[in-house]
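Following: one structure in structure tokens, then a few remarks.
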Amino acid sequence: MNSLKIRRTAIAVAAAVVLPFSLAACSDSGETKAAPPAATGDEAKTGESSPKDASMTGDQPFGAACAGVPKEGAGSFDGMAKDPVATAASNNPALSTLVAAVKQAGLVDTLNNAQDITVFAPTNDAFAKIPKADLDKVLADKEQLTKILTYHVVGQKLTPKQLENGSFETLQKGKVNTMGSGEAYKVNDTSNVVCGNVKTANANVYIVDTVLMPK
């Protein structure tokens with residue numbers, strides 16, 4: 001009898017000891033199952049942030065004047081990306097004076113057929129800063145006009161990163177110097193990029209607010 005009682009007591013004690021661990025294990029198991037949704041939530045957050053990171057790679061047009069670019073059609077960013085640079089510029093209303101000058105100098109085919117170039121494209125307002133008499137004189141002098149326009153062209157596609165502190169030879173054989181960061185860049189310390197990193201079929205375009213003059 002004593003032996004039987006001892007065995008029953010031992011079984012009861014063992015059950016008392018094992019039961020809490022079993023319950024704890026069940027509880028832990030429940031918590032472990034609950035963890036994956038939390039991890040999934042974190043992954044979802046990470047997934048949401050990835051497109052934002054991708055959109056901040058500096059590969060998109062930037063600058064206050066970009067708001068004036070048509071949203072649709074040939075003059076839009078998507079439309080300009082399909083055409084060579086002189087044709088693309090002709091579809092942008094803000095560049096009509098530049099386009100007229102390019103035609104006057106006979107540079108349309110030269111620019112359209114060039115490969116992998118950068119164009120610093122002065123706006124109509126940039127040309128308006130030049131006194132009319134001086135501008136008319138330049139437009140009438142094809143040789144001088146060609147020098148000025150080709151001074152705005154670099155024989156490689158420049159990224160915004162390269163503009164941070166750069167010096168580049170132009171098709172006119174002069175040098176343009178660039179500096180800045182983020183969305184604020186200057187060319188030759190005088191001309192501001194007002195809409196940058198605009199893509200065309202054969203060029204990167206940086207629209208500027210002042211005409212660059214070769215030295």
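For reference, positions follow the sequence shown, starting with 1.
- Aromatic rings of Y185 and F120 (six-membered ring for Trp) have centroids beyond the 6.0 Å cut-off, not under it.
- Here the side chain of Y206 pairs no donor or acceptor atom with the backbone of V187 at under 3.5 angstrom.
- Checked by atom type and distance alone, the side chain of D141 never pairs as donor or acceptor with a backbone atom of K137 at under 3.5 Å.
- T97 places no side-chain N or O within 3.5 Å of a backbone atom of N124 that could act as its donor or acceptor partner.
- What you find for G106 and K142 is that their closest heavy atoms are N-CE, 4.5 Å.
- Here the CD atom belonging to Q156 is positioned 9.5 Å from the CG atom belonging to D116, to the nearest 0.5 angstrom.
- The backbone N or O of V176 lies less than 3.5 Å from no partner atom in the side chain of N188, so there is not a single donor-acceptor pair.
- Legend: residues meeting side chain to side chain donor-acceptor pair (under 3.5 Å) with K157, ordered by chain and number and at least two apart, are absent.
- Taking a 6.0 Å sphere around NZ of K199, one finds it holds more than 12 heavy atoms contributed by other residues, nucleotides or ligands.
- N92 places no side-chain N or O within 3.5 Å of a backbone atom of G75 that could act as its donor or acceptor partner.
- A side-chain donor-acceptor contact under 3.5 Å links S191 to the backbone of T210.
- Partner N112 forms a side-chain hydrogen bond (donor to acceptor under 3.5 Å, both in side chains) with one of N202, D83, T87 and no other, that one being T87.
- Between the side chain of N204 and the backbone N or O of L158 there is at least one donor-acceptor pair closer than 3.5 Å.
- Contact between C195 and V69 at its shortest, heavy atoms only, is SG-CG2, 4.5 Å.
- Atom NZ of K103 sits in a sparse spot, with 12 or fewer heavy atoms from other residues, nucleotides or ligands closer than 6.0 Å.
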